[in-house]
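Notes follow the structure.
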Amino acid sequence: MNTYNKLEAVLFDVDGTLADTEQDGHRLAFNAAFKHFNLDWHWDIDLYGELLQVTGGKERIRHYLERYMPAALNKSDLSDWIASLHKTKTKYFESLMEQGRIPLRPGIARLIHELRQEKIKIAIATTTTMENVTALLKSTLGEESIGWFDVIGAGDIVPLKKPAPDIYYWVLNQLQLTAQQCIAIEDSENGLKSALTADIPTLITVSGYTRSQDFSGAMAVLSDLGEPSQPFTQIRGIPFDKQWIDYKLLNNLIN
Ligand code: XBP
Ligand code: MG
């Protein structure tokens, strides 16, 4: 006998999923922080794409040192120094968001509004710093939108970042839901691995840097969530009967 599985919550990734924040948001903020610290480092578009394999800004800075300037790893206060450089980066990112530089991706605002109307929980599961999440939400959906999310799991709240499943386990636990009652929406292979390891059915909307990554195991791979007036392109998965993601389609997807 088939049992009906009702969708109870949608778990959104942030960078690349809610908005295309990496190339013209985080990357610029990192470079501005390097300048502020009088470092002659510059992360260009290609280099940043390579560095994105490591999730988390502090972890990414450390990885860059390991790869390109190992001598700097001998600094006695390295972790504190990275943390303060990263704090400055966060300030620059917040200020970019305040300027409204990065819009939400197609379908995001529509789907969030619809899920709220349908009384479906919404949550965030991200490796990015909490201040970045709130700055993006404020600048795109308004200050009150932060309260629309039942749970926001961000940054260092768990010790291991994506592709580890920890952030998704944390969010499921806060929501008191099982993985099968939820859908994750992600844009990257690291994000997909994280959600799938937590057993959560996952939909991919590819972003600037992630288009050619391996999305095996995803329910479907789409260009974006689409709008009735701006249909998505389906890259992988069984074709849907409409070209924009709404609550009904998500609910059908997990059944
Ligand atoms: C993306 C990340 C983040 C951002 C930078 O996370 O890996 O590290 O690039 O943010 P997600 P911080 O797609 O899971 O939202 O510098 O605050 O870490
Ligand atoms: Mg992402």
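For ligands, and for the atoms within them, numbers begin at 1 and follow the listed sequence. Owing to the predicted nature of the structure, the values given are computational and were not obtained by experimental measurement.
Shown in contact with Val14 at under 4.0 Å from a heavy atom are these atoms of ligand 1, numbered in order with element: 15 (O). If you number the atoms of ligand 1 from 1 as listed, the ones under 4.0 Å from a heavy atom of Tyr48 come out as 9 (O). For ligand 1, the atoms closer than 4.0 angstrom to any heavy atom of Asn132 are 10 (O), 12 (P), 17 (O). Set against the non-hydrogen atoms of Lys89, the atoms of ligand 1 under 4.0 Å away are 5 (C), 10 (O), 12 (P), 16 (O), 17 (O). In summary, the atoms of ligand 1 found under 4.0 Å from a heavy atom of Arg60, numbered by their order in the structure, are 2 (C), 3 (C), 4 (C), 5 (C), 7 (O), 8 (O), 9 (O). Applying the 4.0 Å criterion to heavy atoms of Lys162 picks out, from ligand 1, the atoms 14 (O). Atom numbering of ligand 1 starts at 1 in the shown order; those under 4.0 Å from a heavy atom of Thr129 are 12 (P), 17 (O).
For Tyr48 and Glu22, the side-chain atoms include at least one donor-acceptor pair closer than 3.5 Å. When only modelled atom types and interatomic distance are considered, Glu186 and Tyr168 share a side-chain donor-acceptor pair under 3.5 Å. In this model, no donor atom of one side chain and acceptor atom of the other lie less than 3.5 Å apart for Asn190 and Ser188.
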Q: Go through the steps to decide whether Val171 and Ile124 satisfy the test side-chain contact (heavy atoms from CB on, under 4.5 Å), and finish with yes or no.
A: CA-CA 8 Å; Val171 169; Ile124 278 175; over 6 Å; no
Q: Decide yes or no on side-chain hydrogen bond (donor to acceptor under 3.5 Å, both in side chains) for Arg62 and Ser79, but give the supporting numbers first.
A: CA-CA 9 Å; Arg62 187 179 286 271; Ser79 293; 2.9 Å; yes
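The protein heavy atom nearest to atom 15 (O) of ligand 1 is Thr126 OG1, 2.4 Å.
When each of Leu203, Ile112, Ile185 is checked for a side chain to side chain contact (heavy atoms under 4.5 Å, CB included) with Val10, only Ile185 meets the rule. For the side chain to side chain contact (heavy atoms under 4.5 Å, CB included) with Val133, the qualifying choice from Asp15, Thr128, Leu18, Ile146 is Thr128, the only one to do so.
Of all N, O or S atoms in Asp15, the one lying closest to the Mg ion (ligand 2) is O.
Among all heavy-atom pairs drawn from Ala109 and Leu104, the shortest one is CB-CD1, 4.1 Å.
A ring-ring contact (aromatic ring centres under 6.0 Å, His included) check over residues 93-129, counting only residues at least two apart or in different chains, returns the pairs His26-Phe93, His113-Trp148.
Residue contact check for ligand 1: Glu186 places no non-hydrogen atom closer than 4.0 Å to it.
For ligand 1, one of its N or O atoms has an N or O atom of Gly56 under 3.5 Å away. Between Asp15 and ligand 1, at least one N/O pair is under 3.5 Å apart. Remark: ligand 1 and Leu52 share no N or O pair separated by less than 3.5 Å (distance only, no angle test).
Rounding to 10 degrees, one finds that the Mg ion (ligand 2) sits at the corner of an angle of 80° between Asp187 OD1 and Asp13 OD2.
Contacts of Asp246 classified as salt bridge (charged side-chain N to carboxylate O under 4.0 Å, His left out), with partners at least two apart in sequence or in another chain: Lys242.
The option with the heavy atom closest to atom 6 (O) of ligand 1, from among Thr127, Thr128, Asp13, is Thr127.
If you look at Glu59 next to ligand 1, there are no close heavy atoms at all, none under 4.0 Å.
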